[in-house]
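Worksheet for the structure shown next.
In what follows, every heavy atom counts, from backbone to side chain, and hydrogens, waters and symmetry copies are set aside. Labels below follow one simple rule: chain letters A, B, ... track the order of the sequence lines, proteins then strands, and each chain is numbered from 1.
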There are 2 protein chains.
Amino acid sequence: MAAETATGRRGPYRTGIRRKEQIVSAAIDVFGEFGYAGGAIRNIAERVGVSHAALLQHFGSKEGLLMAVLQEWDRRTVENGLAELSGLDYFLALPDVMAAHTTQRGLLELFTTIAAEASSPTHPAHEYVRQRYSTNLATLAQHLQQAAAEGQIRAMGMSEIETEVRLVTAVLDGMGLQWLLDPRTDIRAAVEAYVTRSIAAWRFHSV
Amino acid sequence: MAAETATGRRGPYRTGIRRKEQIVSAAIDVFGEFGYAGGAIRNIAERVGVSHAALLQHFGSKEGLLMAVLQEWDRRTVENGLAELSGLDYFLALPDVMAAHTTQRGLLELFTTIAAEASSPTHPAHEYVRQRYSTNLATLAQHLQQAAAEGQIRAMGMSEIETEVRLVTAVLDGMGLQWLLDPRTDIRAAVEAYVTRSIAAWRFHSV
DNA sequence: GTCTATAGACTGATAGAC
DNA sequence: GTCTATCAGTCTATAGAC
């Protein structure tokens with residue numbers, strides 16, 4: 001690591017950034033396992049091999065670290081490949097995306113734990129999670145409307161679209177939790193069955 | 001309350017039981033809002049108006065209180081009226097049951113928060129939650145098989161039944177979370193749409 | 001059955017040396 | 001940038017009085 005600092009002017013920054021990434025990565029695991037309230041900064045720090053004071057120097061406070069973790073969550077969400085898809089293709093990719101999550105248990109634990117914990121209005125991540133769900137549902141609705149505009153499925157009313165995107169979201173969240181509780185769960189098969197049946201219903205008949 | 005103790009020999013017990021019920025009820029709210037790790041015994045105690053030492057005298061430890069809360073969760077689950085239903089009627093009642101949950105936000109918060117928190121194998125309620133999901137899924141599977149035996153729906157293979165009951169569970173859990181995050185969410189409509197479509201799929205065609 | 005007092009460990013955060 | 005040392009607060013749990 002000291003060698004990197006010798007590679008150029010930006011070397012010192014690079015080690016600092018690297019360290020912060022390590023800390024955020026460890027924080028994902030700890031917050032995922034114990035929740036935000038139950039996760040200790042000292043625990044995170046010692047996993048990376050630094051003192052908790054050094055950690056706080058980077059992020060200012062525990063809540064600052066949480067925000068950094070949430071941003072990393074956003075960043076990795078963009079990386080899952082869904083951004084390039086639209087219309088029905090978006091929904092058809094969901095089983096693969098969900099199956100991919102099983103290779104990163106820590107991140108899925110973070111999703112599930114923080115989302116549930118933040119359902120309380122007093123939680124520091126409450127507004128963030130609300131916003132995230134709101135935009136997520138809007139994105140799904142947009143893809144559904146696009147699929148209808150392209151004639152892939154029938155046209156739907158606003159309230160029906162909301163029901164559909166909320167159900168898809170519920171299935172993804174709920175199946176993720178069941179996989180965490182029992183990793184033998186075949187969430188890929190379940191999500192695939194759900195998506196297939198939903199699209200069939202969107203094509204031909206109402207409800 | 002002192003009057004109750006004068007009503008008979010069992011008076012003293014009655015006040016003790018009453019107190020324990022009050023504590024468990026407060027614990028549901030606190031564990032629901034802050035999680036088990038984040039919820040403080042002192043907070044629970046002062047809501048009931050007793051010292052935290054008195055609380056621990058009743059339940060032995062914080063974990064003992066958690067177990068009492070989980071038992072109460074079981075007890076209230078039995079009371080929701082689903083126990084008397086079987087076959088397809090069981091699934092048809094789910095929208096009403098879910099709508100009823102919105103009148104008891106504390107309990108729904110507890111479900112959601114504890115289940116997510118307990119997905120970590122180190123959580124004291126991990127085995128309990130695993131067991132609960134396991135028996136819950138088995139019950140749903142049983143009702144599905146009975147519906148098939150009575151000719152209400154077509155026969156299904158074992159893996160298809162597992163997929164179906166896991167999806168129903170995921171929808172209930174996921175919609176509950178969305179309602180907690182945004183109470184304007186019409187979970188009744190969503191669950192009803194899901195159940196209706198599922199039963200239609202179970203009747204006529206596979207997948 | 002409930003209280004006060006307290007032990008003992010852990011929490012997040014800060015100060016100052018290097 | 002990282003450390004040690006430390007603070008003030010909170011946590012669960014226990015001891016003993018009433």
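Closest approach of A:Leu167 and B:Val171 over heavy atoms only: CD2-CG1, 3.7 Å. Residue B:Ala116 comes nearest to A:Thr113 through the heavy atom pair O-OG1, 3.9 Å, listed as atom of the first residue, atom of the second, then distance.
Remark: of the listed residues A:Glu164, A:Glu160, A:Gln152, A:Glu164 is the sole one forming a side-chain hydrogen bond (donor to acceptor under 3.5 Å, both in side chains) with A:Trp202.
Between the CG atom of A:Leu55 and the P atom of D:dC3 there is a distance of 10 Å, rounded to whole Å. A straight line from NE2 of B:His52 to P of C:dT4 spans 10 Å, rounded to a whole angstrom. Remark: P of C:dA9 and CG of A:Asn43 are 19 Å apart, rounded to the nearest angstrom. Straight-line distance from the CD1 atom of A:Ile44 to the C1' atom of C:dA13: 15 Å, rounded to whole Å. In this structure, B:Ile23 atom CD1 and C:dT2 atom P are separated by 7 Å, rounded to whole Å. Between A:Gln22 atom CD and D:dG1 atom C1' the separation is 13 Å, expressed in whole Å.
By the 30° and 60° cut-offs, the orientation of the rings of A:His143 relative to A:Tyr90 is parallel. Taking the six-membered ring where the residue is Trp, B:Tyr36 and B:Phe31 present perpendicular rings, their angle passing 60° and hence far from 30°.
A:Ile41 comes within contact range of the sugar-phosphate backbone alone, with a heavy-atom separation under 4.0 Å but no base atom that close. Backbone-only contact: A:Ala40 has heavy atoms under 4.0 Å from sugar-phosphate atoms and none from a base. B:Gly38 comes within 4.0 angstrom of nothing in the nucleic acid, heavy atoms only.
Checked by atom type, the side-chain pair A:Ser120/B:Glu109 shows no donor-acceptor distance below 3.5 Å. Counting only N and O atoms by type, the side chains of A:Asn43 and A:Arg47 include a donor and acceptor under 3.5 Å apart.
A heavy atom lying under 4.0 Å from DNA chain D marks the following residues of residues 57-72 of chain A, by number: A:Gln57, A:His58.
Phosphate contact (OP1/OP2 of C:dT2, side-chain N/O of B:Ser51, threshold under 4.0 Å): absent.
For B:Ala53, whose side chain is taken as the heavy atoms from C-beta onward, the closest listed nucleotide among D:dC3, C:dT14, C:dT4 is C:dT4. Checked against C:dA13, D:dT2, C:dT2, the side chain of A:Leu56 finds its nearest nucleotide in C:dA13.
Between B:Gly49 and A:Arg42, the residue anchored closer to the 5' end of DNA chain C is B:Gly49, taking for each the nucleotide with the nearest heavy atom.
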